[in-house]
Amino acid sequence: QLWVGGFKPTLTSGCASSAQIEMSTNKNVYDYLAFDASTIEYAYANVVMPSDYTGGVIYFKPYWLHPSTSTNFKVSWGLASVEFGDGVSLDAAQGTAVYVNDTGGTTSYLYIGDMSAAVTPSGTPAAGKLGQFRALRKADDATNDTLAVDAFLLGYMIYYPVA
């Protein structure tokens, strides 16, 4: 497993910049990115893949929360990936995004989505390569994304094959 937090908004169609939320009673603080309810927005994180990664498909679970709203709690989180080795162009296309649909409900509660289907990173995935993960909220999916306010992404737990 690999925790990928600290996402940053993409320069084009990026989500809101990183912000913090503090819980009212115990003052726990969490960094998050806000993804709009009506526009598809993106964030990215660059991570060197662990030495025990054998390459191939990965899976993910989104960790998220939302502010106050009274109805429509569904969010569709997506992930695409590309991996880069030494001496290759960094201007390569991401693999196809895969989505996990989840349902919130209570303000400032943690929600953890189900395990995704297989995400195939583009490039030649292998240990030690630079992986770029692109997160998104599929805000135009009127069936699986109905949350009428921003959705707050904490990060993704990435599951990868090992030897």
Side-chain angles (χ1 to χ4, degrees), residues 1-47 49-50 56-83 92-122 125 131-161:
Q1 298 173 2
L2 174 66
W3 173 251
V4 180
F7 280 89
K8 295 180 180 181
T10 57
L11 297 177
T12 303
S13 301
C15 62
S17 294
S18 181
Q20 295 176 310
I21 186 169
E22 183 176 77
M23 300 298 111
S24 58
T25 303
N26 294 301
K27 306 304 181 197
N28 298 331
V29 177
Y30 301 93
D31 295 326
Y32 69 90
L33 292 175
F35 286 76
D36 193 69
S38 60
T39 305
I40 296 176
E41 295 178 327
Y42 302 90
Y44 72 94
N46 296 319
V47 178
M49 296 306 290
V57 300
I58 59 174
Y59 302 85
F60 73 95
K61 287 184 178 183
Y63 285 62
W64 65 285
L65 65 149
H66 63 77
S68 181
T69 187
S70 57
T71 59
N72 305 326
F73 298 108
K74 294 180 182 179
V75 176
S76 185
W77 293 107
L79 183 70
S81 179
V82 59
E83 292 189 23
Q94 298 274 337
T96 302
V98 172
Y99 298 93
V100 169
N101 304 317
D102 200 20
T103 304
T106 302
T107 301
S108 296
Y109 273 42
L110 173 64
Y111 295 99
I112 302 171
D114 291 335
M115 183 76 71
S116 72
V119 177
T120 303
S122 64
Q132 183 172 83
F133 298 100
R134 183 182 294 163
L136 69 138
R137 176 180 177 187
K138 192 149 176 37
D140 66 349
D141 182 344
T143 300
N144 296 306
D145 194 308
T146 60
L147 186 70
V149 295
D150 287 353
F152 297 168
L153 180 66
L154 299 175
Y156 285 170
M157 182 62 78
I158 305 295
Y159 298 83
Y160 60 90

How far apart are the C-alpha atoms of Val47 and Ile158, what are their side-chain angles, what is the distance that settles it, and do they pass the side-chain contact (heavy atoms from CB on, under 4.5 Å) test?
CA-CA 11 Å; Val47 178; Ile158 305 295; over 6 Å; no
Could you go step by step and tell me if Ile58 and Phe133 meet the side-chain contact (heavy atoms from CB on, under 4.5 Å) rule?
CA-CA 11 Å; Ile58 59 174; Phe133 298 100; 3.5 Å; yes
Given ring-ring contact (aromatic ring centres under 6.0 Å, His included), test Phe7 with Tyr156 step by step and report yes or no.
CA-CA 9 Å; Phe7 280 89; Tyr156 285 170; 5.6 Å; yes
Enter the distance from Tyr59:OH to Met115:CE here, rounded to the nearest 0.5 Å.
8.5 Å
What heavy-atom pair brings Ala118 and Val57 nearest, and what distance separates the two atoms?
CB-CB, 3.9 Å
State the OG-CG distance between Ser38 and Asp150, to the nearest 0.5 angstrom.
9.0 Å
Considering all heavy atoms of both residues, which atom of Ala139 and which atom of Ala37 are nearest to each other, and what is their separation?
CB-O, 3.5 Å
Measure the spacing between CZ of Phe152 and SG of Cys15 and express it to the nearest 0.5 Å.
11.5 Å
Atom OG1 of Thr103 and atom CG of Asp145: how far apart are they, to the nearest 0.5 Å?
10.0 Å
Which one of Asp31, Leu110, Ile21, Leu33 satisfies the side-chain contact (heavy atoms from CB on, under 4.5 Å) criterion with Leu154?
Leu110
I'd like to know whether Leu79 forms a side-chain contact (heavy atoms from CB on, under 4.5 Å) with Trp77, so could you lay out the CA-CA distance, the side-chain angles of the two residues, the decisive distance to 0.1 Å, and finally the verdict.
CA-CA 7 Å; Leu79 183 70; Trp77 293 107; over 6 Å; no
Between Ser116 and Phe60 (side chain of the first, backbone of the second, donor and acceptor by atom type, cut-off under 3.5 Å), is there such a pair?
yes
For the residue pair Trp3 and Tyr63, categorise the inter-ring angle as parallel (less than 30°), tilted (30 to 60°) or perpendicular (more than 60°).
perpendicular
Could you check whether any side-chain N or O of Asn28 sits under 3.5 Å from a backbone N or O of Met23, counting only pairs where one atom can act as donor and the other as acceptor?
no
Please confirm whether the backbone N or O of Glu41 pairs with a side-chain atom of Arg137, one donor and one acceptor, at under 3.5 Å?
no
Tightest non-hydrogen contact, residues Val82 and Ala92, listed as CG2-CB, 4.1 Å
Once you round to the nearest 0.5 Å, how far does CG of Asp140 lie from CG of Asn144?
11.0 Å
Correct closest heavy-atom pair for Pro9 and Ala16 would be CG-O, 3.4 Å
Could you give me the CA-CA distance, side-chain angles and deciding distance for Thr96 and Thr120, then say whether side-chain contact (heavy atoms from CB on, under 4.5 Å) is met?
CA-CA 7 Å; Thr96 302; Thr120 303; over 6 Å; no
Can you name the closest pair of heavy atoms from Pro125 and Gly56 and give their distance?
CB-N, 3.7 Å
With rounding to the nearest 0.5 angstrom, report the OG to CD distance, Ser81 to Gln94.
6.5 Å
Give me the ring orientation class for Tyr111 and Trp64: parallel if the planes are under 30° apart, tilted from 30 to 60°, perpendicular past 60°.
tilted
Residue pair Ile112 / Lys61: nearest heavy atoms and the distance that separates them
CG2-CD, 4.2 Å
Backbone N/O of Lys138 and side chain of Ser76: donor-acceptor pair under 3.5 Å:
no
